[in-house]
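Here the structure is laid out as structure tokens; the discussion comes afterwards.
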Amino acid sequence: MAAGSRTLALPVIDLAPYLANPESAAALEQCRLAAEALEAHSALSIRDPRVNEEHNAAFLNLIEDYFAQPTEVKMRDTRPEIGYQVGTTPECTELPRCGRDDDCLEAVAKLAEEDKPLPFDKEDPKWRFFWRMGQLPTTTQFPGLNAEPVVPAAFPHWTEQMDIWGNLMLTAVSTLSEMIAIGFGLPKDTFVKLSNCGPHLLAPTASDLEKYGKINTVLAGFHADLNFLTIHGKSRFPGLHIWDRQGQKMLASVPNGCLLVQAGRKLDHLTGGRIVAGFHDVVIVDSTLAAIERQKAAGRPLWRISSTLFFHIASDNLLEPLPHFATEENVKQYPPILTGHQVQKELGFLNLSS
């Protein structure tokens, strides 16, 4: 089977039984399935009755309109002095982490030829906008990771519109975090407590398909996310590949009305590798080209937007395998590190901080 032709319909976890009665048999079954899905695939889909497709469409429209502005307008919203951790990150700034990580390069070399990613040794041609979500810590050793948001001048309702989608994502991923904990036999607040006052970021990416809309163009090079969990609404443009635990490359398929969730490096660390951070990339594929034609017909800007939120562990918490997962081997493999230091180290890999 040709590379990229395999499609993975991710397991769908229904949050409704848990929201109705977290102690019901139906809820506990969804908790178990959530933990199993992340362990097997490092990703899953969720259906949250509090989130609908209209919410996602409104957010995508907002971000398309923002990135359709002239480059010089968007550049006013950059904050490179704090590693672009709020506001805009320009295209061709962020480097895929794996291109600078020997362990990752070694893992890629072991993949079957049909499962290898396209080249990831250049800066990604995607833009990003980081918008801070959730409560700020009263004191922190890492103020640059907990900075106030940037509000674009041309969008008077920006804060309200960003917060609507951001809070929906934050609520959904917090609920899922409780369910994952229960699925592993832990107290439901195990992960949520660690995430309180974390530097959560609503982090839509934006790729200019007028410039970068050719087949096999890599919009986001092969990488795994540095945070705890990543959650997105469904994109208008296919092209997200994920790699499962066995190293198989597949085009992700998310049902309409569902949200996509991926495991990040913090979850990998806290579970001692029981759940591994999920590798993925975004590439222009045949179905992306069909979506471009639909977007043209709708008269909308040709920007591929991801409606992404990065859910973090609080910067001043210690990152180490939790006792439930700790073994002599993985404690050595995942040494303790302050979460803020882990983020700063990862930002260096990404070319966003020295």
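The chain is numbered in sequence order, starting from 1.
Residues L240 and S235 form no side-chain contact, since every pair of their non-hydrogen atoms from C-beta on lies 4.5 Å or further apart. Side-chain contact check for D124 versus H223: every heavy-atom pair is 4.5 Å or farther apart. At least one side-chain heavy atom of D225 sits under 4.5 Å from a side-chain heavy atom of H280. F120 has its side chain out of reach of V218: every pair of non-hydrogen atoms, C-beta onward, lies at least 4.5 Å apart. No side-chain heavy atom of W165 sits less than 4.5 Å from a side-chain heavy atom of L62. Using a 4.5 Å heavy-atom threshold, the side chains of H269 and Q342 count as separate. For the pair F142/P199, no side-chain contact is recorded, criterion being any heavy-atom separation below 4.5 Å from C-beta on. At a threshold of 4.5 Å between non-hydrogen side-chain atoms, the residues I292 and F237 count as touching.
Under a 4.0 Å N-O distance rule, the pair E72/R76 does not qualify as a salt bridge. Looking at E39 and R274, a side-chain N of the basic residue comes within less than 4.0 Å of a carboxylate O on the acidic one, giving a salt bridge.
The backbone N or O of G278 sits nowhere less than 3.5 Å from a side-chain atom of Q262 that would complete a donor-acceptor pair. A distance-only check finds no donor-acceptor pair linking the side chain of K266 to the backbone of L229 [under 3.5 Å]. Not a single donor-acceptor pair under 3.5 Å links the side chain of K249 to the backbone N or O of P117. Judged by distance alone, with hydrogens and angles left aside, the side-chain atoms of K234 form a donor-acceptor pair with the main-chain N or O of V254 at under 3.5 Å. With hydrogens and angles disregarded, no donor-acceptor distance shorter than 3.5 Å links the side chain of D244 to the backbone of H41. A donor-acceptor pair under 3.5 Å is absent between the side-chain atoms of R79 and the main chain of Q85, judged by distance alone.
Taking every heavy atom of both residues into account, L259 and A172 meet most closely at CD1-CB, 4.2 Å. I46 approaches L44 most closely through the heavy-atom pair CG2-CD1, 3.3 Å. Of all heavy-atom pairs between S42 and V276, the closest is OG-O, 2.7 Å. Nearest heavy atom pair, residue I305 against residue E64, reads CG1-CG, 3.6 Å. Scanning all heavy atoms of the two residues, the minimum distance from P301 to D65 falls at CG-OD1, 4.1 Å. For the pair P90 and T93, the tightest heavy-atom approach, listed with the atom from each and the gap, is O-OG1, 3.0 Å.
Classified by interplanar angle (parallel below 30°, tilted 30° to 60°, perpendicular above 60°), the ring pair W158/W131 is perpendicular. Ring-plane geometry between F311 and H200 is classed as parallel, the angle between the planes falling under 30 degrees on a 0 to 90 degree scale with a further cut at 60. Using cut-offs of 30° and 60° on the angle between ring planes, the pair W127 and W303 is perpendicular. Between W243 and F222, the ring planes lie perpendicular to each other; the angle is over 60°, past the 30° to 60° tilted range. H312 and F310 have perpendicular rings, their planes meeting at more than 60° on a 0 to 90° scale where under 30° would count as parallel.
Side chain to side chain, N317 and T339 fail the donor-acceptor criterion of an N or O pair below 3.5 Å. The closest side-chain donor-acceptor pair between T205 and S306 falls under 3.5 angstrom. Looking at Y84 and E94, their side chains never bring a donor and an acceptor atom within 3.5 Å of each other. Side chains of Q333 and N330: a donor-acceptor N/O pair is absent below 3.5 angstrom, by distance only. Q141 and H341 share no side-chain donor-acceptor pair at under 3.5 Å.
Residue pairs that meet the side-chain hydrogen bond (donor to acceptor under 3.5 Å, both in side chains) test with at least one member in residues 170-192, sequence neighbours left out, are Y18-E178, R50-T175.
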Output, in order, the C-alpha distance, side-chain angles, deciding distance and verdict of side-chain contact (heavy atoms from CB on, under 4.5 Å) for L209 and Q295.
CA-CA 11 Å; L209 299 178; Q295 189 82 339; over 6 Å; no
Begin from the C-alpha positions of K296 and L302 and carry the test side-chain contact (heavy atoms from CB on, under 4.5 Å) through to its verdict.
CA-CA 7 Å; K296 284 179 181 176; L302 288 182; 3.7 Å; yes
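The environment of CD in E81 is crowded: more than 12 heavy-atom neighbours from other residues, nucleotides or ligands sit within 6.0 Å.
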